[in-house]
Structure formats: C-alpha cells, structure tokens
Amino acid sequence: VAISCSTKEQKGINNQQQRFSAEKYRPQFHFSPEAHWMNDPNGMVYYEGEYHLFYQYYPNATVWGPMHWGHAVSSDLVTWDHLPIALYPDSLGYIFSGSTVVDTANSSGLKIGDEDPLVALFTYSNPEWEKAGRNDYQYQGMAYSNDKGRTWEKYGVVISNPGQKDFRDPKVIWHEGSQKWIMTIVAGQHAEFYSSPDLKNWKKESEFGYEVGDHSGVWECPDLFPIKVKGSDETKWVLLVSVQPGNPPVQYFIGAFDGTTFTPDNTQSVPKYLDYGWDNYAGVTWANTPVGDDEKLFIGWMSNWRYAEKIPDYGFRRGVMTLPRKVSMVKRGNQYKLISSPVEQLEKLRKENQTVSEMNCDGEVKLDRLVENREGSFEMEIDINNKSSRNFGFKLSNALGEQFVFTCDVENKRIYIDRSKSGVTSFHDEFINQNSMEYLNFGNMKLRVFYDRTSVEVFINGDEVFTNLVFPNEVYKEFEVFSKGGSIELQRCEVWSLNPIWEP
Ligand code: FRU
C-alpha cells in the first residue's frame, strides 16, 4: 500500500508538496493521509522528540472499511511524515480506536532493548461475530513496540466482551494516586473504568454516565485526564465523550476521579461541549507530552458520521484532522470550562501578511484584497469593537455566490455559522443546518479564522471554537465584514498565507 509518500526514495521523483497543492481540495496545513479513508485520531503519544499520530485508516477505498492504524510522526505537531501502516486487521478483528502509553517502568515486562516500550490498547471488532448477530463482537486488544513505534507486535486480547454491544475505544492513563493504569472505555451510552498494574490484567472499577450528559446517540472515544485550573493550584478531572451522531458532537464532564470512581461536580443538566461546530469528532489528547499540567494537546477528526462517507470525493477522498489544539481549564465566576486554542507552533507557518486597521463599519466593508491571492488557504485575525451593532460578522465567498457566514447576533445573544450556501451541500440534508451557541458579551470580539480549502475553524476570544467543513466549487476569494442596525469598529484585520506542511 503506497501511503509512505514521504519515504526518501520517492522524494524528488514525486514532490509531495507540489502534488498536494495541485489537488484543489487538499488541505494545505491540516493533517490528511496521502489517499483513501481516514477517521479517528488514535494512540497519540509523545516519545523522544516525536509526536505520534495513529489513525483509523482504510487503505483500499474512499469509504470506511476494515480498519487499520495508519501512522505519522511530527516533531512540532504541525509538519508530518507519513509512516507505513502500524497495525493491520487480523483473525481477531479490525483494529478500532484506542490509545498508546509509554511504559517507562516496564510494568508490562514487554521491554526488549534500550527504548521504553510503547504500548497500544485498542478495540478489536470482529466482523464475523457482528454478522452473526452477536453482541460481544468488540473486545480490547494490545500491541507493543520496542523501536519508537516503527514496528509492532500484537499481544492479544486483554479484556473480553462482557456481553455488551458497542464496547470500545480504550483510553489509558497512568494514575499517580493509586499507582495503577486506568482505562476508560465506552459501552453503549455510558463509560466504564478499569484498572491494571501491568497493562495486561484489567479489573473493572466502576461505570459512569447513565443519568447525565448528552444521550442523543452512542458514546464513543472517551478521554479521562486531570488538568490544573489556569492560574491556580486546583486540579480537576475531565471526561471527554464523543456522541454519534451528536450536535455538537463532543461533550465533556468536569469532576473528580479517585482511581475508582468518576464523580461529576454537579449533575449537569445542560451538557458542556468542546467545540460548537459539526466537524470535530472522536478527538482525544496526547499522552506523555512535554507541556505543563495545566495544558493538554488535542486533535480531532474533522468530519461528522452523518455525512463523512458522502462528502465530495473528487476521486481521492481522505479524511482530515482538525488543527492541533491546546486545551486548558479556566474558572469564570464559579463556573469551570475548557477552552481551546491552536497550538503556538502553527505561527511559524505564517508568511505573506496584510493588515487593515481602524475601519468603521456600518453596513458592509469589502476586503477582497486581503484574501484573493491566497488560493483558499490562510489564517486571519479579526479584532472588532462593537459600538452599537445588533448583528455583525464576516463572510467568505466566491464569484459563484457561494458563502460561509459567521454572525454575532447581539440581540439574541447567539453566534451562528451558516454554510447553507457554502458550495456543494446536497450530499446530506442536515449539512445546511446552522450551528450556533449562546454567547453573552459582544463588546470586544477577537476572532482567529483558519480557512484551508475544505474547512473553516473560528476561534472566538480564546474561549470557544466552531469547526466546520465546506465544499465551495471554487475557493473563497472574497471577504467582507458586516454590521447591521448600528456600527462596529474593525480595529485590526490581519491575514497570513501559511506554508504548506508537506515536505517538498
Ligand atoms: C468513532 C468510531 C469509534 C470506533 C471507530 C471505528 O468515530 O466509531 O467508536 O472505534 O470509529 O472506525
């Protein structure tokens, strides 16, 4: 399977950067596989200067199929080298989502040689058992690597199925308090916690989630981690859970974990969401990262199961990841919440910039010149001071009248994203639905917008984020800021082209 497009032999003959930039819908600064189908990020771990990204991969088609773990590495989370497939399906089943840890103390006894073992825990999904109508076709498997993730040995099944449908997506952490490994799994619409001294023998500790949270679909890809509240010594535990098909898709709970039980702070009647767009799914955080204990590094699959297999294919459909993000916990008043921002390393991709500043806007201000020569791929910072507007925002569009619209509705205290006329939308009825969230204070709005051919990510005041796919027939080369029922001051709007992340 030719996924290793940056292997040394192919360089020169086949310039990856040139090929990828010629593909009209290839994102230029987001991770995507060379070709074919990708979904969830898996097994993300940092070890010896490398961030590993594994992912749900089907190398033989542009739709979902027998799952493998694709593999890429990066020294900075931004530029990536594709590596050969890490895990292939075998007689026990397809290789579904899971996680990887560094077994520094060799608790597993799997160490051979000088490197610490990387141990991957994943779900085996057995297609024959599923076809036979059994409930127990998913169970947890393990594999390990003693050469920095370059080659993997399968260890076998470590948790068999207790008779539970949808039993999957193990995420493992080391729990200091109890000196044990803790695995979080989802089972239908709740989470389960298991513990282990050695990654091989697991004991069920507890279950969580029957009465709380978003139950609009099956729970998937959980992630349990401690995080320090910014600027304080307090530590909170977070449980992320993706809901299929949720809208928005990634909910989270804040609470405490004692090595046995997760206790949410209060029974959350309204679920909290990590991202208010539709296209950030199955995301989890990196293990073993060299960042402070008040930060986690996160990436998600930039799609949505509602339409992931139906989005325009252009002969080479592949999935795309969100931008890598830094997630932190803040306390506002007596409310805790997670906030996301793009990792700082992205700033080193910035090249040609243009800025406008101190413009009054009452109506529409057209600023096409900022974006028209950027081939549908750029970063933009927009600082707005709202003077008297009732409704303001920005629009990205093209000569075909296709448009992506971001609106701050001051009167109704909501932010809206409208992609109903964004380009190709006919592949799914609900793609044209607005996404929105409640937002209270529109005085000063600092927006960071990343447009990369088929996606728009809008980070709002370092607080909230909307991640969405778009499929314009031509890239957006027009940009306007608008204000209705009053005026805003566009204090600054700066745009950068970004270097592509692929090797020349
Ligand atoms: C989430 C998911 C996981 C599963 C994987 C299969 O997108 O459905 O629950 O492990 O995808 O590819």
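Position 1 is the first residue of the sequence, and the numbers go up from there. Keep in mind that what you see is a predicted model, and the values were worked out from it rather than measured. Atoms within each ligand, like the ligands themselves, are counted from 1 in listed order.
Under the 4.0 Å criterion applied to side-chain N and carboxylate O atoms, Lys171 and Asp169 are not assigned as salt-bridge partners.
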Distance-only check: which donor-acceptor pairs under 3.5 Å involve side-chain atoms of residues 286-294, not counting sequence neighbours?
from	atom 1	to	atom 2	distance (Å)
Trp286	NE1	His52	O	3.0
Asn288	ND2	Tyr46	O	2.7
Asp294	OD2	Lys230	NZ	3.2

Please tabulate, one pair per line, all N/O donor-acceptor pairs under 3.5 Å involving side-chain atoms of residues 190-197, not counting sequence neighbours.
from	atom 1	to	atom 2	distance (Å)
His190	ND1	Ala187	O	3.0
His190	ND1	Tyr210	OH	3.2
His190	NE2	Glu192	OE2	2.8
His190	NE2	Tyr210	OH	3.2
Glu192	OE1	Tyr194	OH	3.2
Glu192	OE2	Lys204	NZ	3.4
Ser195	OG	Glu205	OE2	2.6
Ser196	OG	Asp198	N	3.1
Ser196	OG	Asp198	OD1	3.0
Ser196	OG	Leu199	N	2.8
Ser196	OG	Asn201	O	2.7

For ligand 1, output the ligand-protein N/O contacts shorter than 3.5 angstrom; if there are none, return none.
from	atom 1	to	atom 2	distance (Å)
ligand 1	7 (O)	Asp40	OD1	2.6
ligand 1	7 (O)	Asp40	OD2	3.2
ligand 1	7 (O)	Trp305	NE1	2.7
ligand 1	8 (O)	Glu220	OE1	3.4
ligand 1	8 (O)	Glu220	OE2	2.8
ligand 1	9 (O)	Arg168	NE	2.7
ligand 1	9 (O)	Asp169	OD1	3.4
ligand 1	9 (O)	Asp169	OD2	2.6
ligand 1	9 (O)	Glu220	OE2	3.2
ligand 1	10 (O)	Ser97	N	3.2
ligand 1	10 (O)	Asp169	OD1	2.6
ligand 1	11 (O)	Asn39	ND2	3.3
ligand 1	11 (O)	Asp40	OD2	3.2
ligand 1	12 (O)	Asn39	ND2	3.1
ligand 1	12 (O)	Gln56	OE1	2.6
ligand 1	12 (O)	Trp64	NE1	3.0

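Judged by the 6.0 Å distance and 45° axis criteria, Arg306 is not positioned over the aromatic ring of Phe431.
Ring planes of Phe253 and Phe262: perpendicular class, angle over 60° (limits at 30 and 60°).
Listed by first and then second residue, the ring-ring contact (aromatic ring centres under 6.0 Å, His included) pairs involving residues 151-171 are Phe54-Trp152 (not counting sequence neighbours).
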